[in-house]
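Convention: sequence-line order gives letters A, B, ...; per-chain numbering from 1. Computed from heavy atoms alone, side chains included, the values below leave out hydrogens, waters and symmetry copies.
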Amino acid sequence: MASERYNPRKVEPNWQKKWNEDNVFVTDNADPRETYYVLEMFPYPSGRIHIGHVRNYAMGDVVARYKRARGYNVLHPMGWDAFGMPAENAAMQNKVHPKDWTYENIATMRNQLKSMGLSLDWTREFATCDVEYYQRQQHLFIDMLEKGLVYRKQSKVNWDPVDMTVLANEQVIEGRGWRSGALVEQRELTQWFFKITDFAQDLLDALDTLDGWPEKVRLMQKNWIGRSEGMMVRWDISDGADKAGDHEELTVYTTRPDTIFGASFMAISADHPLAKEAAKHDEKVAAFCEETRRAGTSLAALETAEKKGVDTGIRVRHPFDENWELPVYVANFVLMDYGTGAIFGCPSGDQRDLDFARKYGLPVTAVVMPKDGDAATFEIGDEAYTDDGVMINSRFLDGMSTDDAFEAIALKLEADVVRGAPRGTRKVNFRLRDWGISRQRYWGCPIPVIHCDDCGVVPVPKSDLPVQLPDDIDFEKPGNPLDRHATWRHVACPQCGKDARRETDTMDTFVDSSWYYTRFTAPHEDAPTDPAIADRWLPVDQYIGGIEHAILHLLYSRFFTRAMKATGHVGHDEPFKGLFTQGMVVHETYRLGGSGTSGRWVSPSEIRIEETDGARKAFLVDTDEEVAIGSIEKMSKSKKNVIDPDDILATYGADTARFFVLSDSPPDRDVVWTEAGVQGTFRFVQRIWRLISEAAPALADIEAKAGGDGKALEISRAAHKTLKAVAADLDGLAFNKAIARIYELVNILAQPLSEVDKADDELKGALKQASLFLTHCFAPMMPHLAEECWQTLGAEGMIAMAAWPKHDEALTADNEVVLPVQVNGKKRAELTVARDADQESIKQAVLELEAVVRALDGKEPRKIIVVPQRIVNVVV
RNA sequence: GCGGACGUGGCGAAACAGGUAGACGCAAGGGACUUAAAAUCCCUCGGCCGAUUGGUCAUGCGGGUUCGAGCCCCGCCGUCCGCACCA
């Protein structure tokens, strides 16, 4: 009785329709069951989904469907990270309005996601470019402004000359804009900033509580926040005061006050006020400062830049010796925006300082030596000694440990009061800077403030929100169209009513994604959030996305949650309890041309692969020309190694695509997309359908239950073991392992199912239960096939709503175990014993084994180690 | 330079807590069915020796701890990732 081949193109839309009609995935906030919030990072509507989305959303959907089966009230929403540069670029290139471009892309991608059969609550969908969303964001901005969490300041900023906008520090990668790849320039602009540094310590401390996050991400954030403990130390200007203007002293930040007796010079940034003052009086200093500023911060410039400086002629006095004068240099390696923009140079303890001192002939005094060193002979050569150790050449510190010396110096500097303040104060410093959010772009959330000549910066009253983006804009010229708009920026001051100007900068799009997960909990609420509902759902139980957001989005969101708490919008601190960073989908590359390095890239759809005796060769389908098979790489348009999910969904269906991207590789690692692999998965789909649909009629009136003995018991054991193991694997997000177990069970069931006609009722009952268990196991990954099997087996309702069955613990443990038997650690035999056999009888049985007797060769065993249910080792 | 992760068959991988290394899948080879192909089913599949049940080597390399090490410790080598003048 041959059944029809499983046809996903016919079956999948039916079930998607049914799920939709029955509102199976619509989540009720009032549902009293325990909540579970699973979320995948929402996509940017670039045009079409790519295979990476398929993997990301397949993982989230498995979790959502599994948790639903486990009885949770699951929230699994979807939305669109819809503001951003590409829409404006498209507008400029194709004369299409960013709004139209964005919403059309969303429509396309929504359909694509729907064809994947994701169990999403689409009633909560929104795009961040919806007025209804960004209006609430403006509301949050104003609340944060009032709380002092937003401020405006002039500062040196990263300017992307291609995108013509400012970038946050987090968005500059190796000196280049994260999106445009252009070398970033430094400019002085007035910008809006979020006070993320207010939370620096808390963001750091709370990392320890995030045990559902990958260690790697926590570490990256820790390094990014970059806490260091040191001291601010004031050095009096002793000479050259004519060049120092009003400055009486120079304050430096140091983490190594213990090395203060190794100081040999002071170095300040070219942007330091003292340097600017000195430049007024000294052309050489002025020229050097100019040159340093121009060299900029590009990666190449930094890497190769020699440590250079110029003597300002200014001298400072050592805090512990009034006869000790040190020169003040402007140096190209001192950053203005870390610490005070000034340092004291201790060449023996810092490689940079050492290079600098050697270059300018400054003294090098060793002040720390290794614990077992000899103070009489210890010297610094070409390498600084940066480790902890014992103090030398440091007067009252000599002989102390580095830590004790720090403490001793700190106490003295704190006690020494000069001009009404201590000479030195302890100071914790962070690498983290405030988050600059002003962007000179159109397609973003307008910053809701108004500039009035009389009243200054005035927030837009909440009753006047939203500040809506105008639709009539032109992209003929580069730069921000809002600046050029005829009327939009002209507005009355909300305070005095006089003519005033709107802020024309928009917010960084990372602001949009910093709270969308909160909005999903009450997407139609008038206020930005309903705090009670938000706190019920949040933090997100399982967040899934790419590692590329380890710092940017994830750190911003952690800040935003704290800021929303401070402004009363939520009651929790952390946005994401569990975080999972999934790997990419990668693919082989193909290239024409014999050398393999010069010809054009060829897409996988243009070639066919031939394989004989392990030798793989690729040929162009059209011309039979041989194509070089290249390395496996991240899918990219330029290398053409891209697989279009639409093609896969059309050819194999959603279940196959979902199952394949989850199988084989662990989810946090990259998975290689291969045509052969997908076909293998598709064959497996067919195999399951064939086995179940052909056996179903014989099982129709049979009660599903575990077998009591013989073959039936064996089947039941396998089914219950698999059910238990798959549950554990899904709990641990080990999708690849769950899939391996599903294959195993199918292999076990294949033969008996195909011979079900010969089975007695007991065996049939066991097979029916096993088939239902199997269906439960793969349902989270292949939901359409599961519904079809579920129905065919005559089960009630839809499996999407069915509870995960309970396994029988007794059936998951075998009565007999096979113990490997080692002699001196080498396996020589196996012994089958009752699971609860006692040690003595096992020892007895082992010594009677022929292989053991042979291996012992007449010798007396010294010891027999029996690890219950594991192994036996006979030691001679 | 600093920090981190990883290294297992032809390939993707598995191995719970130190206890039979290679489950499961892909590829490959052989066979059955078929006029043929597809589909399906069966067998083989880390190396070497031998006869299928045996022996031996084997988890990047070299040591160590242990009755027993892919897993723990020390030292190398390699690959990948993050940060990068942070005082």
Side-chain angles (χ1 to χ4, degrees), chain A residues 2 5 173-175 214-217 219-220 222-224 226-228 230 252-256 259 267 297 299 301-303 305 307 331-335 337-346 349-353 355-356 386 429-432 547-548 550-551 609 611-616 632 660 663-666 669-672 674-681 683-684 686-687 690 725 728 734 736-747 750-751 754 818-830 851 854 861-865 867 869-876:
Chain A
R5 256 170 93 77
I173 315 290
E174 296 187 340
E215 194 53 47
K216 181 187 166 102
V217 175
L219 190 70
M220 280 165 72
K222 186 182 170 203
N223 291 338
W224 187 264
R227 182 183 199 274
S228 63
V252 305
Y253 177 70
T254 177
T255 56
R256 293 294 301 274
T259 65
T297 54
L299 179 70
L302 287 180
E303 281 241 303
K307 308 292 171 253
N332 65 351
F333 62 89
V334 180
L335 305 173
D337 51 4
Y338 185 80
T340 62
I343 61 162
F344 79 76
C346 173
D350 183 293
Q351 194 58 45
R352 254 178 346 214
D353 295 350
D355 295 345
F356 192 84
T386 54
N429 222 329
F430 294 94
R431 211 186 80 111
L432 183 71
I547 185 79
E548 67 273 19
I551 295 172
I609 304 263
E611 183 149 4
T612 35
D613 295 324
R616 292 180 76 237
I632 294 168
F660 176 69
S663 56
D664 289 349
S665 287
R669 247 182 260 178
D670 292 350
V671 65
V672 185
T674 63
E675 191 60 26
V678 187
Q679 284 168 3
T681 303
R683 280 198 300 271
F684 185 59
Q686 296 295 346
R687 187 177 186 213
R690 199 167 50 243
N736 57 322
K737 288 198 251 174
I739 285 172
R741 296 188 201 281
I742 290 167
Y743 270 106
E744 251 169 332
L745 183 58
V746 170
N747 288 341
Q751 178 87 22
S754 61
V818 178
L819 293 180
V821 179
Q822 298 180 330
V823 176
N824 283 340
K826 280 198 197 302
K827 188 191 161 197
R828 295 296 174 186
E830 283 180 350
R854 208 182 331 132
R862 275 193 295 142
K863 198 156 72 166
I864 301 175
I865 294 158
V867 184
Q869 293 170 55
R870 282 255 176 235
I871 204 166
V872 181
N873 193 5
V874 182
V875 187
V876 187

_Contacts of type salt bridge (charged side-chain N to carboxylate O under 4.0 Å, His left out), residue A:E675, not counting sequence neighbours_ = none
*When the P atoms of B:rA28 and B:rG82 are considered, how many whole Å apart are they?*
35 Å
*Nearest-nucleotide comparison on RNA chain B, the residue closer to the 5′ end among A:R431 and A:P820*: A:P820
*Report yes if a side-chain nitrogen or oxygen of A:R687 is closer than 4.0 Å to either non-bridging phosphate oxygen (OP1 or OP2) of B:rC41; otherwise report no.*
yes
*Given B:rG25, is OP1 or OP2 found less than 4.0 Å from the side-chain N or O atoms of A:Y743?*
no
*For the side chain of A:Q822, starting at C-beta, report the closest nucleotide among B:rC24, B:rA27, B:rG19.*
B:rG19
_Euclidean distance for P, B:rC57 against B:rG68 (whole angstrom)_ = 15 Å
*Separation of the P atoms in B:rA5 and B:rC72, to the nearest angstrom*: 12 Å
*Can you tell me how far C1' of B:rC26 sits from CG of A:D664, to the nearest Å?*
7 Å
*Presence of A:K826 side-chain N/O under 4.0 Å of B:rC57 phosphate oxygens OP1/OP2*: yes
*asked:* Distance check, C1' atoms only: B:rA13 and B:rG62, in whole angstrom units.
replied: 28 Å
_A:Y253 side chain to A:S228 side chain, donor-acceptor N/O pair below 3.5 angstrom_ = yes
*With sugar-phosphate meaning primed atoms plus P, OP1 and OP2, does A:E830 contact a base, only sugar-phosphate, or nothing at under 4.0 Å between heavy atoms?*
base
_Checking contacts here: which listed nucleotide (B:rG4, B:rC24, B:rC41) is nearest the side-chain heavy atoms of A:E744?_
B:rC24
*asked:* Tell me the closest heavy-atom pair linking A:V872 and A:L819, and the distance in Å.
replied: CG2-CD1, 3.8 Å
*On RNA chain B, nearest-nucleotide positions of A:R862 versus A:V818: which is more 5'?*
A:V818
_Applying side chain to side chain contact (heavy atoms under 4.5 Å, CB included), can you list everything that pairs with A:R741, at least two apart in sequence or on another chain?_
A:T722, A:A725, A:V726, A:D729, A:E744
*Per A:V875 side chain, nearest of listed nucleotides B:rU40, B:rA87, B:rC67*: B:rC67
_Measuring from the side chain of A:I343 (C-beta onward, heavy atoms only), which nucleotide among B:rA23, B:rC81, B:rA87 has the closest atom?_
B:rA87
*Choose from B:rU40, B:rG25, B:rA87 the nucleotide whose nearest atom is closest to any side-chain atom of A:N747.*
B:rG25
*For A:K826, what residues pass the side chain to side chain contact (heavy atoms under 4.5 Å, CB included) criterion, not counting sequence neighbours?*
A:R828
*Could you check which of B:rA87, B:rA84, B:rA23 has an atom nearest any side-chain atom of A:A740?*
B:rA23
*NA contact type, A:S663, heavy-atom cut-off 4.0 Å: base, sugar-phosphate, or nothing?*
nothing
*Any side-chain donor paired with an acceptor under 3.5 Å for A:R862 and A:N824?*
no
*Closest to side chain of A:K737, choosing from B:rA14, B:rA87, B:rU20*: B:rA14
_Expressed as a whole number of angstroms, how long is the span from A:L219:CG to B:rA84:P?_
14 Å
*asked:* When the P atoms of B:rG78 and B:rG25 are compared, how many Å lie between them, rounded to an integer?
replied: 37 Å
*Say you pick atom C1' in B:rA21 and the same atom in B:rG47; how far apart are they, in whole Å?*
15 Å
*Establish, with yes or no, whether the OP1 or OP2 oxygen of B:rC2 is under 4.0 angstrom from a side-chain nitrogen or oxygen of A:N223.*
no
_Rounded distance (Å) that lies between atom C1' of B:rA87 and atom CZ of A:F333_ = 9 Å
*OP1 or OP2 of B:rA13 less than 4.0 angstrom from a side-chain nitrogen or oxygen of A:R669, does that happen here?*
yes
Taking only nitrogen or oxygen atoms into account, show me every contact under 3.5 Å that the protein makes with nucleotides 48-55 of chain B, one pair per line with its distance.
from: B:rG55; atom 1: OP1; to: A:R828; atom 2: NH1; distance (Å): 3.4

*asked:* Holding to salt bridge (charged side-chain N to carboxylate O under 4.0 Å, His left out), I want the full list of residues that pass it with A:R227, two or more places apart in sequence or in another chain.
replied: A:E229
*Between A:D353 and A:F344, which heavy-atom pair has the shortest distance, and what is it?*
OD2-O, 4.0 Å
*Sticking with atom P, work out how far B:rG19 lies from B:rG29, rounded to a whole angstrom.*
38 Å
*Expressed as a whole number of Å, how far does the C1' atom of B:rG22 sit from that of B:rA58?*
11 Å
*asked:* As a test of reading the structure: which of B:rC86, B:rA14, B:rG4 is closest to the side chain of A:Y338, going by heavy atoms?
replied: B:rC86
_Once side chain to side chain contact (heavy atoms under 4.5 Å, CB included) is applied, do any residues pair with A:Q686, and if so which ones, sequence neighbours excluded?_
A:R5, A:Y6, A:F682, A:R690
